[in-house]
Q: 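One structure follows; several queries about it will come next.
Just the heavy atoms: all of them, side chains too, but no hydrogens, waters or symmetry mates, feed the values below. Predicted model, so just to flag it, every value in this text is computed and none were measured. So that the names make sense, note that chain A is the first sequence line, chain B the second, and so on, each numbered from 1.
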There are 2 protein chains.
Amino acid sequence: MTERAVTEADLNRGFMALADPVRRHLIARLSRGPATVNELAEPFPISTQAISKHIQVLEQAGLVARTREAQRRPVHLVPERLEAMTAWIDRYRLVKESQFRNLDRLLDQDSTPGRDRAPDTRRRPS
Amino acid sequence: MTERAVTEADLNRGFMALADPVRRHLIARLSRGPATVNELAEPFPISTQAISKHIQVLEQAGLVARTREAQRRPVHLVPERLEAMTAWIDRYRLVKESQFRNLDRLLDQDSTPGRDRAPDTRRRPS
DNA sequence: TGGTTGATAAACCTTATGGTTGAATAATGG
DNA sequence: CCATTATTCAACCATAAGGTTTATCAACCA
């Protein structure tokens with residue numbers, strides 16, 4: 001079924017697509033079923049053209065697809081790319097707190113012999 | 001435990017942060033343990049200042065945090081925000097194929113489903 | 001056929017992003 | 001103190017992102 005590998009560019013476009021709140025709302029709406037551009041645009045205070053552009057962004061990210069229904073172009077969700085994105089995140093989100101604890105040791109073996117621990121002199125907020 | 005709710009702006013910054021391949025590589029590197037800015041910058045063909053800015057983006061997204069170790073500012077991963085992002089995606093990626101099958105029926109009955117609210121998510125003016 | 005509906009295209013504007021270089025800041029170690 | 005190391009700040013530049021408005025395309029229907 002054309003299981004093309006997810007590229008870096010796919011992740012760029014995928015995460016960029018989800019970085020916009022309008023597009024996240026569109027995803028949420030489409031998770032309840034397909035909708036046309038006008039239907040999707042209705043709740044938003046921006047123009048239909050802007051929504052159309054958002055849908056193009058989602059489509060190029062592989063998150064949605066469009067079909068043809070008379071004059072309308074119903075949009076529906078394509079969940080596979082979302083799965084690939086969670087798969088990416090899940091590789092890195094399972095980090096143990098102990099890695100933070102290893103901080104001093106990791107830095108010590110680098111170059112500096114400073115055994116005395118650093119005082120908590122974080123930069124003063126301006 | 002400082003369990004502040006994840007806001008829309010948090011998701012904006014979080015997904016935007018992951019939309020850049022350099023920052024994703026930084027996340028991958030940091031998932032293996034903390035590192036300083038110079039260490040993080042070393043594999044990349046761009047300036048250390050650029051990496052520093054990337055780290056600031058990740059920090060403002062809540063994905064990493066910095067401590068102080070002598071002159072160095074070791075960076076470590078903060079996995080909680082990544083978890084929140086997968087949680088967001090997981091709400092919508094579990095879409096049945098049947099929803100696509102319902103396409104024609106949904107469009108025929110001219111229903112405008114789920115008019116819950118109009119989210120005003122316009123880009124904020126300066 | 002021609003009008004209406006649904007959606008996109010094109011041109012444009014403003015702001016954000018990601019990079020650069022050069023200078024400044026902070027802490028360490030002679 | 002002073003030089004060195006690590007990092008950030010500041011100014012600048014090119015391009016992309018998100019919005020607008022106007023115009024165009026495509027398909028239905030009266």
Side-chain angles (χ1 to χ4, degrees), chain A residues 9 12-26 34-42 44-61 64-75 107-108 110-126, chain B residues 9 12-13 15-26 34-42 44-61 64-75 107-108 110 112 119-126:
Chain A
N12 293 350
R13 285 189 282 264
F15 285 120
M16 180 64 97
L18 295 192
D20 187 281
V22 172
R23 290 193 290 261
R24 285 200 305 277
H25 280 286
L26 294 176
T36 68
V37 176
N38 275 344
E39 287 169 355
L40 291 170
E42 194 271 329
F44 294 97
I46 62 177
S47 68
T48 309
Q49 291 94 322
I51 298 294
S52 183
K53 284 210 266 183
H54 279 301
I55 292 168
Q56 288 180 63
V57 171
L58 290 169
E59 187 180 38
Q60 291 198 310
V64 307
R66 282 182 285 189
T67 52
R68 160 77 66 177
E69 174 85 13
Q71 312 105 307
R72 295 166 223 99
R73 286 146 186 85
V75 187
L107 290 170
D108 283 349
D110 189 33
S111 61
T112 321
R115 180 50 255 175
D116 46 347
R117 67 177 63 249
D120 189 17
T121 51
R122 66 189 66 187
R123 218 159 74 101
R124 299 171 34 188
S126 50
Chain B
N12 293 350
R13 286 188 282 264
F15 284 119
M16 180 64 95
L18 295 192
D20 187 281
V22 172
R23 289 193 290 260
R24 284 200 305 278
H25 281 287
L26 293 177
T36 68
V37 177
N38 274 345
E39 287 168 356
L40 290 170
E42 194 270 328
F44 294 97
I46 62 179
S47 67
T48 310
Q49 291 95 318
I51 298 294
S52 182
K53 283 210 263 184
H54 279 302
I55 293 168
Q56 288 180 65
V57 171
L58 290 169
E59 187 180 38
Q60 291 198 308
V64 307
R66 283 181 285 189
T67 54
R68 162 74 71 180
E69 175 84 11
Q71 312 105 308
R72 295 163 222 103
R73 307 293 308 278
V75 186
L107 289 171
D108 285 348
D110 188 39
T112 316
D120 190 337
T121 43
R122 272 173 301 192
R123 223 153 58 114
R124 70 190 169 111
S126 65

Q: Atom NZ of K53(A) and atom C1' of dT21(D): how far apart are they, to the nearest Å?
A: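 It is 11 Å, rounded to the nearest whole Å.
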Q: Can you check the I55(A) CD1 to dG18(D) C1' distance for me, whole Å?
A: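 Going from I55(A) (CD1) to dG18(D) (C1'), I get 15 Å.
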Q: Check the side chains of R72(A) and N38(A) for a donor-acceptor pair under 3.5 angstrom, ignoring hydrogens and angles.
A: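 Note: N38(A) and R72(A) side chains miss the donor-acceptor criterion.
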Q: What is the distance, rounded to the nearest whole Å, between atom CZ of R73(A) and atom C1' of dT8(C)?
A: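 R73(A) atom CZ is separated from dT8(C) atom C1' by 7 Å.
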Q: Tell me which donor-acceptor pairs under 3.5 Å the side chains of residues 47-59 of chain B have, and how far apart each pair is, sequence neighbours excluded?
A:
| from | atom 1 | to | atom 2 | distance (Å) |
| --- | --- | --- | --- | --- |
| S47(B) | OG | A50(B) | N | 3.1 |
| H54(B) | ND1 | R23(B) | NH1 | 3.2 |
| E59(B) | OE1 | R66(B) | NE | 3.3 |
| E59(B) | OE1 | R66(B) | NH2 | 2.4 |
| E59(B) | OE2 | R66(B) | NE | 3.4 |

Q: Can you tell me the distance, in whole Å, between the CZ atom of R13(A) and the C1' atom of dA17(D)?
A: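 One finds 15 Å between C1' of dA17(D) and CZ of R13(A), rounded.
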Q: Kindly point out which of dT5(C), dT20(D), dA27(C) is positioned nearest to the side chain of R68(B)?
A: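 Shortest atom-to-atom distance from the side chain points to dA27(C).
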Q: For dA30(D), which nucleotide in any strand shown is its Watson-Crick or wobble partner with both distances under 3.5 Å?
A: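 Pairing partner: dT1(C).
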Q: Check every atom of dG19(D), dT7(D), dT20(C) against the side chain of V22(A) and return the nucleotide holding the closest atom.
A: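 From the listed options, dG19(D) comes nearest.
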Q: The side chain of T36(A) lies closest to which of these nucleotides: dT20(C), dA7(C), dT8(D)?
A: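 The closest nucleotide is dA7(C).
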Q: Looking at dT7(D), dT5(D), dG19(D), which one has an atom nearest to any side-chain atom of Q71(B)?
A: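 Nearest to the side-chain atoms of Q71(B), counting from C-beta on, is dT5(D).
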Q: Just call it for Q49(B): base, sugar-phosphate, or nothing, with non-hydrogen atoms closer than 4.0 Å on any strand.
A: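 Touches a base.
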Q: Among dT20(D), dA6(D), dA7(C), which nucleotide sits nearest the side chain of R66(A)?
A: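 Of the candidates, dA7(C) comes closest.
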